[in-house]
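Comments concern the structure below.
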Amino acid sequence: MVRQHWAALRALLVFTVLLGVGYPMLIWLVAGLPGLHDKAQGSIVDAGGKPVGSRLIGQSYIDAAGRPLPQYFQGRPSAAGAGYDPLSSGGSNLGPESIVDVPADPAKLAAGATPAEAGFRPGLLTQVCSRSAAVARFEGLDVAAGSRPFCTPGGVGAVLSVIGPRDARGNVSRPTRVVSVNEPCPDVKQPFLDRYEGVAVQCAVFGENYSLGQIVPIRGAAPEVPLIPADAVTASGSGLDPDISPAYAELQIPRVARARHATPDQIRAVVAQTRSGRTLDIFGQACVNVLQLNLELDRRYPA
């Protein structure tokens, strides 16, 4: 028994030295090698001798009222806490089937509550639609130019609950009632669609259950490839993505050029300098680091 316990104690001491001291020391030494030291320290970016962020973590470019600043390129939406919070990293946990909103209580809204306080929970589709409309307005585009498939002109998911008898496959064979579930009364004067298969479309009434109907998304006449790219309207899985696609950067160039009194070609040249390609030419996609781009713009074309 003594020999067994002595062997166990020796193994404990050996592995404590190897894994508790040696391995962390090795990682620390490797992290100090040239080319790795900056990344190990968080890839912090300085401006004027002050740290202003990390190349690996996105951040917001907004004013005190929460409005996006027109002189700066904007990053992806973030579902991490209040936005880009490393301590709350994560996505919205909503998937492609999240197309029906949870409506707000109109009584609470009338009492002064915010939509969120009144219980409003937008589905992923409505989040994408509303963001697309907001980006179109911010970039000075016609709202129709920012239209996306399955979105109403008002910027919510174009989804119907079709109520009526069903056939053997579970589809409604003869609609008797059709409700636009994401357009509540009396917020909308007229649903996005007048009629569906000969039945007038109604707006949704708070408190009514439309899950018994067949949920039907309506694609609409939006282009197959929307003008506003996907990364402008969807959050990343971490909520901390520091990069945007070249397409989203190109969309923002005219607005940033106006705000900085520069030409679009001048801004485009800075974007090209901060653009990076695929890792090893095979992994990932080309992207633009928003923090580095905005700092370079502040240096060259201060607003």
Side-chain angles (χ1 to χ4, degrees), residues 31 33-63 66-91 131-132 134-135 138-139 227-260 262-303:
L33 293 176
L36 297 178
H37 179 73
D38 180 63
K39 294 182 174 62
Q41 297 301 315
S43 298
I44 302 300
V45 178
D46 291 337
K50 297 174 58 178
V52 294
S54 168
R55 287 192 297 272
L56 305 178
I57 299 177
Q59 57 181 285
S60 301
Y61 301 91
I62 55 179
D63 61 15
R67 296 183 297 261
L69 294 167
Q71 69 267 34
Y72 287 113
F73 280 82
Q74 301 295 315
R76 295 187 68 172
S78 173
Y84 302 106
D85 182 359
L87 299 180
S88 301
S89 176
R131 288 168 180 166
S132 186
V135 169
F138 185 57
E139 302 301 338
L227 178 62
I228 298 173
D231 60 311
V233 296
T234 56
S236 64
S238 68
L240 307 177
D241 193 348
D243 304 315
I244 57 175
S245 67
Y248 189 24
E250 180 66 28
L251 180 69
Q252 301 184 65
I253 286 175
R255 183 249 307 160
V256 174
R258 289 193 299 269
R260 292 182 178 270
T263 67
D265 285 341
Q266 289 174 319
I267 303 298
R268 190 172 289 110
V270 180
V271 171
Q273 291 177 1
T274 53
R275 171 175 172 166
S276 58
R278 295 186 174 191
T279 304
L280 302 179
D281 289 331
I282 55 175
F283 298 112
Q285 299 291 335
C287 60
V288 178
N289 188 274
V290 182
L291 175 60
Q292 292 180 299
L293 172 59
N294 284 333
L295 288 176
E296 187 63 21
L297 289 173
D298 280 345
R299 188 179 70 84
R300 294 194 190 186
Y301 308 106

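The structure displayed is predicted, hence computed values, not measured ones. Only heavy atoms go into these numbers, but all of them, side chains included; no hydrogens, no water, no symmetry mates.
Using a 4.5 Å heavy-atom cutoff, the side chains of Phe73 and Val288 are not in contact. Annotation: side chain of Asn294 is in contact with side chain of Leu297 (closest heavy-atom distance under 4.5 Å). For the pair Gln252 and Ile244, the minimum side-chain heavy-atom distance is below 4.5 Å.
Judged by the 6.0 Å distance and 45° axis criteria, Arg260 is positioned over the aromatic ring of Tyr72.
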Decide yes or no on side-chain contact (heavy atoms from CB on, under 4.5 Å) for Gln74 and Tyr248, but give the supporting numbers first.
CA-CA 9 Å; Gln74 301 295 315; Tyr248 189 24; 4.1 Å; yes
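A distance-only check finds no donor-acceptor pair linking the side chain of Thr274 to the backbone of Leu293 [under 3.5 Å]. Between the Ser60 side chain and the Ile62 main chain, no donor and acceptor come within less than 3.5 Å of each other.
Pairing each heavy atom of Ala247 with each of Pro229, the nearest pair is C-CG, 4.1 Å. The minimum heavy-atom distance linking Leu251 with Glu139 is given by the pair O-OE1, 3.7 Å. Of all heavy-atom pairs between Gln59 and Gly53, the closest is NE2-CA, 3.8 Å. Counting all heavy atoms, side chain and backbone alike, Ser78 lies closest to Gly239 at OG-O, 2.6 Å. The minimum heavy-atom distance between Ala232 and Val135, with the atom names listed, is O-CG2, 4.1 Å. Closest non-hydrogen pair, Gly75 versus Val290, comes out as CA-CG2, 4.2 Å.
Within the structure, the salt bridge (Lys or Arg N to Asp or Glu O under 4.0 Å) test picks out the following pairs touching residues 229-244 (sequence neighbours left out): Arg76-Asp241.
Note that CZ of Arg275 and OG of Ser245 are 9.5 Å apart. Values are rounded to the nearest 0.5 Å. Expressed to the nearest 0.5 Å, how far OG of Ser238 lies from OH of Tyr84 amounts to 9.5 Å.
Applying side chain to side chain contact (heavy atoms under 4.5 Å, CB included) to Arg255 and the options Pro68, Pro264, Pro70 leaves one that passes, Pro70.
Among residues two or more places apart in sequence or in another chain, the salt bridge (charged side-chain N to carboxylate O under 4.0 Å, His left out) test is passed with Glu296 by Arg299, Arg300.
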